[in-house]
Amino acid sequence: MTPYSRMGGEAGIRRFTQRFYTLMDTLPEAAACRAVHPPDLTHAGQRLFEYLSGWLGGPPLYVERHGSPMLRRRHLHAPIGAEEVRRWLLCFHRAWDEQVKDAALGHDVLPRIDKLARHMQNQ
């Protein structure tokens, strides 16, 4: 069973990404991360949903629609320092804790997400 299906497929990934961006938009401690995003998070939410879909073993929506992710390159325009990474991870982990009930899945996925987030730092 893929992480995608263990998270509830499309509906589960969509719920997760919506919660993630709600947290980023509302948590005062996420302000540093929120500041590097556009005022409207709709587009970012859709792209994260598409990326996670394929990354977690579901349909490769991001690649089909946008090509190779090249995440670090696609984010070079945004100043991402250690603080932004920490706050992005705060939102991701909190959304994960609230939305994903499969504890074993977290042990598999979250260390990889942490590594990916640290890789995005460009400041």
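Since this is a predicted model, take the numbers as computed values, not measurements.
Val36 has its side chain within reach of Pro79: a pair of non-hydrogen atoms, C-beta onward, lies under 4.5 Å apart. Residues Leu105 and Trp96 meet the side-chain proximity criterion, which asks for heavy atoms closer than 4.5 Å. The closest side-chain heavy-atom distance from Ile13 to Tyr51 is not below 4.5 Å. Within the 4.5 Å cutoff, the side chain of Phe16 has no heavy atoms near those of the Arg19 side chain.
If you check the side chains of Gln121 and Arg86, you find no donor sitting under 3.5 Å from an acceptor. Between the side chains of Asp114 and His93, a donor-acceptor pair is found at a separation under 3.5 Å.
Under the 30°/60° scheme for interplanar angles, the aromatic rings of Trp88 and Phe92 are found to lie parallel.
In this structure, Phe20 is a member of the same hydrophobic cluster as Met120, with clusters built from ILVMFWY side-chain heavy atoms closer than 4.5 Å.
Not a single donor-acceptor pair under 3.5 Å links the side chain of Arg14 to the backbone N or O of Phe49. Using modelled atom types, no side-chain atom of His43 and backbone atom of Asp40 make a donor-acceptor pair closer than 3.5 Å. In terms of modelled atom types and a separation under 3.5 Å, the side chain of Tyr62 and the main chain of Leu52 share no donor-acceptor contact. With hydrogens and angles ignored, the 3.5 Å screen pairs no side-chain donor or acceptor of Asp102 with any backbone N or O of Arg6. Between the side chain of Ser53 and the backbone N or O of Gly58 there is no donor-acceptor pair closer than 3.5 Å.
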From CA spacing to verdict: salt bridge (charged side-chain N to carboxylate O under 4.0 Å, His left out), Arg94, Glu98: CA-CA 6 Å; Arg94 188 169 296 180; Glu98 292 177 9; 5.2 Å; no

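Ionic pairing of Arg34 and Glu29 is not present here: no N-O contact between side-chain nitrogen and carboxylate oxygen is shorter than 4.0 angstrom.
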